[in-house]
Amino acid sequence: MTLDFLREFQFFAGVPDSQLKALCNYLMDEYGCDPAHHVIAANEGNAAALAAGYHLATGKVPVVYLQNSGLGNIVNPVASLLNEKVYGIPCLFIVGWRGEPGVHDEPQHVFQGEITLSLLDTLGISYFVIDKTTTENQAKAKLDEYRALFAQGKQAAFVVRKGALEYSGKPAYGNSHTMTREAAIGQILAAAGDDPVVSTTGRASREVYELREARGQGHGHDFLTVGSMGHSSSIALGIALQKPGRRVWCLDGDGAALMHLGAMAVIGASRPANLIHIVLNNEAHESVGGMPTAAGSVALCAVARACGYPKVFSVDSPEELDKALEAAKEGKQLTFIEVKCALGARDDLGRPTTTPQENKAAFMTALGE
């Protein structure tokens, strides 16, 4: 189904999702990152609040797009801001349905997929499931029904199955950096040795796994955070605080770091001398299509300094990265390293063959040794 049924809406905010790639590409071609019409938010709750502001200023209905894994981030603004028992702010949600029951998906999506519709029910959000057989007229008819809900200050959603939306445009994404993320991760793993490593959601963790495989190494030193985007640094902090005698490495992403940026303030206030926090910054949500993040215009190192990190580095070459890694190891202080990376990953990049439970057990065993 094409996206013509959405042309009446004039403001979109959200977090990119591979299931919504057609919508994301359409928005980038139609609006780019013009904040008057389209904002790529730090997290889904941020998008819902932006939508509320748009409605307050214009009286019009906004659209928030998200993967269903982000429903947890909108629970608070939906329940305590948008809901008709509070301010009664209308909003149309477009939700990519990962982990749909009966459809094979990665383990981090399975439970979320099972509870997606019931969670929308609990939040009082009416929904309509769009699949490959849904017609434009059916979607428009459902929107006609939703207008009555919007007039009452209620919210509604389209839940999108895989391959349901169509758009032929293909925006080009890129940046000026030349160092690949996988090469940078390879250097970092070499520097880390047998130290515990917590890696973020998406391709970074897949590359950590494949690099270990290629080197004939085990996976016990790596915690691969396959879900819960934005929380890897907090997981690493929790480990570092309880294992002060072990150096802990966090491989974060720019989109993930921005999603819960407050975690850096907590890390800086805690100031664990044994934590090295590395943000692999390619200025993009690459794992879900390549849409830009705000990290291209945010001084992450200045943020780290303001949060209390005593040692801060920004690097964009293998030589600079080696120097920063060595300084981090020798300094024995909380350290932040921004690694500026190019977009792109190998076409044959695989996925971990171990389950999250197996990863957890191996990691805890190695951590206890």
Going by heavy atoms in the side chains, are His260 and Asn73 under 4.5 Å from each other? yes

NE2-SG distance between His277 and Cys250, expressed to the nearest 0.5 angstrom: 4.5 Å

Mind checking the CD1-SG spacing from Ile40 to Cys33? Nearest 0.5 Å is all I need. 4.0 Å

Quick one: does any side-chain atom of Gln242 pair with a main-chain N or O of Gly238 as donor and acceptor, under 3.5 Å? no

How many angstroms lie between atom CD1 of Ile239 and atom OG of Ser234, to the nearest 0.5 angstrom? 11.0 Å

Spell out, as yes or no, whether a donor-acceptor pair under 3.5 Å connects the side chain of Arg247 to the backbone of Ile276. no

Close side-chain approach of Leu325 to Leu321, heavy-atom, < 4.5 Å: yes

Counting N and O atoms only, with roles assigned by atom type, does the side chain of Gln112 sit under 3.5 Å from a partner on the main chain of Asn68, one being a donor and the other an acceptor? yes

Is there a path of hydrophobic side-chain contacts, each under 4.5 Å between heavy atoms of I, L, V, M, F, W or Y residues, that connects Val198 with Leu237? yes

Report yes if the side chains of Val15 and Met259 come closer than 4.5 Å at any heavy-atom pair, otherwise no. yes

One should read off an interatomic distance between His219 NE2 and Asn359 CG, to the nearest 0.5 angstrom, of 9.0 Å

Side chain to side chain contact (heavy atoms under 4.5 Å, CB included) partner of Phe93, chosen from Leu120, Leu71, Val63, Ile74: Ile74

For Arg147 and Glu8, run salt bridge (Lys or Arg N to Asp or Glu O under 4.0 Å): C-alpha distance rounded to whole Å, both residues' side-chain angles, the deciding distance at 0.1 Å, then the answer. CA-CA 12 Å; Arg147 288 189 185 92; Glu8 67 182 81; 2.6 Å; yes

Beyond-backbone contact of Leu92 with Leu143, side-chain heavy atoms, under 4.5 angstrom: yes

For Ala327, does its backbone N or O pair with a side-chain atom of Lys311 as donor and acceptor, under 3.5 Å? yes

Rounded to the nearest 0.5 Å, how far does CG of Leu117 lie from CD of Glu100? 8.0 Å

Phe5 vs Phe158, test: ring-ring contact (aromatic ring centres under 6.0 Å, His included). Steps then yes/no. CA-CA 11 Å; Phe5 72 103; Phe158 286 116; 5.4 Å; yes

Between Lys323 and Glu320, does any side-chain N to carboxylate O distance fall below 4.0 Å? no

Should Ser18 and Arg98 count as side-chain neighbours, where that means a heavy-atom distance under 4.5 Å? yes

Applying side chain to side chain contact (heavy atoms under 4.5 Å, CB included), run through Glu30 and His37 and close with a yes or a no. CA-CA 9 Å; Glu30 188 76 9; His37 297 285; over 6 Å; no

Can you list every side chain to side chain donor-acceptor pair (under 3.5 Å) pair that touches residues 81-97, not counting sequence neighbours? none

Keeping the roles fixed (side chain from Asn274, backbone from Lys243), state whether a donor-acceptor pair exists under 3.5 Å. yes

The remaining residues in the hydrophobic cluster of Leu349, counting side-chain heavy-atom contacts under 4.5 Å among Ile, Leu, Val, Met, Phe, Trp and Tyr, are none

Does any part of the side chain of Glu319, heavy atoms only, come nearer than 4.5 Å to the side chain of Asp322, both counted from C-beta? no

What verdict does the side chain to side chain contact (heavy atoms under 4.5 Å, CB included) test give for Val197 and Arg212, after you've listed the backbone C-alpha separation in whole Å, the side-chain angles of each residue and the deciding distance to 0.1 Å? CA-CA 12 Å; Val197 174; Arg212 296 293 198 194; 4.3 Å; yes

4.5 Å side-chain heavy-atom contact, Tyr65 and Asp17: no

Is it the case that the side chain of Thr200 and the backbone of Leu251 share a donor-acceptor pair, with hydrogens and angles ignored and the cut-off at 3.5 Å? no

Between the main-chain N or O of Pro310 and the side-chain N or O of Arg271, is there a donor-acceptor pair closer than 3.5 Å? no

Audit row: Tyr31, His38, ring-ring contact (aromatic ring centres under 6.0 Å, His included) steps and yes/no: CA-CA 6 Å; Tyr31 301 116; His38 177 218; 7.1 Å; no

Keeping the roles fixed (side chain from Gln155, backbone from Ile89), state whether a donor-acceptor pair exists under 3.5 Å. yes

Begin with the C-alpha distance, continue with both residues' side-chain angles, and end with the deciding distance and a verdict on side chain to side chain contact (heavy atoms under 4.5 Å, CB included) for Thr335 and Phe313. CA-CA 8 Å; Thr335 301; Phe313 302 89; 3.8 Å; yes

Indicate whether any N or O donor in one side chain lies under 3.5 Å from an N or O acceptor in the other, for Ser69 and Gln108. no

Is it true that, when you exclude Lys329 itself, more than 12 heavy atoms of the residues, nucleotides or ligands shown sit nearer than 6.0 Å to its NZ? yes

Are Leu6 and Met1 co-members of a hydrophobic cluster defined by side-chain heavy atoms under 4.5 Å apart? yes

Starting from the C-alpha separation in whole Å, work towards a yes-or-no answer on ring-ring contact (aromatic ring centres under 6.0 Å, His included) for Phe9 and Tyr54. CA-CA 12 Å; Phe9 297 96; Tyr54 169 80; 9.7 Å; no

Check whether any side-chain N or O of His221 sits under 3.5 Å from a backbone N or O of Pro196 as a donor-acceptor pair, and report yes or no. no

Could you tabulate the donor-acceptor pairs under 3.5 Å formed by side-chain atoms of residues 286-300, not counting sequence neighbours?
{"from": "Glu286", "atom 1": "OE1", "to": "Arg181", "atom 2": "NH1", "distance (Å)": "2.9"}
{"from": "Glu286", "atom 1": "OE1", "to": "Asn282", "atom 2": "ND2", "distance (Å)": "2.7"}
{"from": "Glu286", "atom 1": "OE1", "to": "Gly344", "atom 2": "N", "distance (Å)": "3.3"}
{"from": "Glu286", "atom 1": "OE2", "to": "Arg203", "atom 2": "NH1", "distance (Å)": "2.9"}
{"from": "Glu286", "atom 1": "OE2", "to": "Gly344", "atom 2": "N", "distance (Å)": "3.0"}
{"from": "Ser287", "atom 1": "OG", "to": "Arg203", "atom 2": "N", "distance (Å)": "3.0"}
{"from": "Thr293", "atom 1": "OG1", "to": "Asp254", "atom 2": "OD2", "distance (Å)": "2.7"}
{"from": "Thr293", "atom 1": "OG1", "to": "Ala295", "atom 2": "N", "distance (Å)": "3.1"}
{"from": "Ser297", "atom 1": "OG", "to": "Ala294", "atom 2": "O", "distance (Å)": "3.2"}

Ile188 vs Ile337, side chain to side chain contact (heavy atoms under 4.5 Å, CB included): CA-CA, chis, key distance, verdict: CA-CA 11 Å; Ile188 295 164; Ile337 304 175; over 6 Å; no

Any donor-acceptor N/O pair, Arg206 side chain to Gly350 backbone, under 3.5 Å: yes

When rounded to the nearest 0.5 angstrom, what distance separates CD in Glu330 from NZ in Lys332? 9.5 Å

No-hydrogen, no-angle side-chain donor-acceptor test under 3.5 Å, Asp131 and Thr134: yes

Let's go through Thr135 and Asn137 carefully: what are the C-alpha distance in whole Å and the side-chain angles of both, what is the deciding distance for side-chain hydrogen bond (donor to acceptor under 3.5 Å, both in side chains) to 0.1 Å, and is it a yes or a no? CA-CA 5 Å; Thr135 66; Asn137 287 336; 5.4 Å; no

Check whether any side-chain heavy atom of Phe363 lies under 4.5 Å from a side-chain heavy atom of Leu224, and answer yes or no. no

I'd like to know whether CG of Asp348 has more than 12 heavy-atom contacts from other residues, nucleotides or ligands below 6.0 angstrom. yes

Which heavy atom of Leu280 sits nearest to which heavy atom of Ala204, and what is that distance? CD1-CB, 4.3 Å

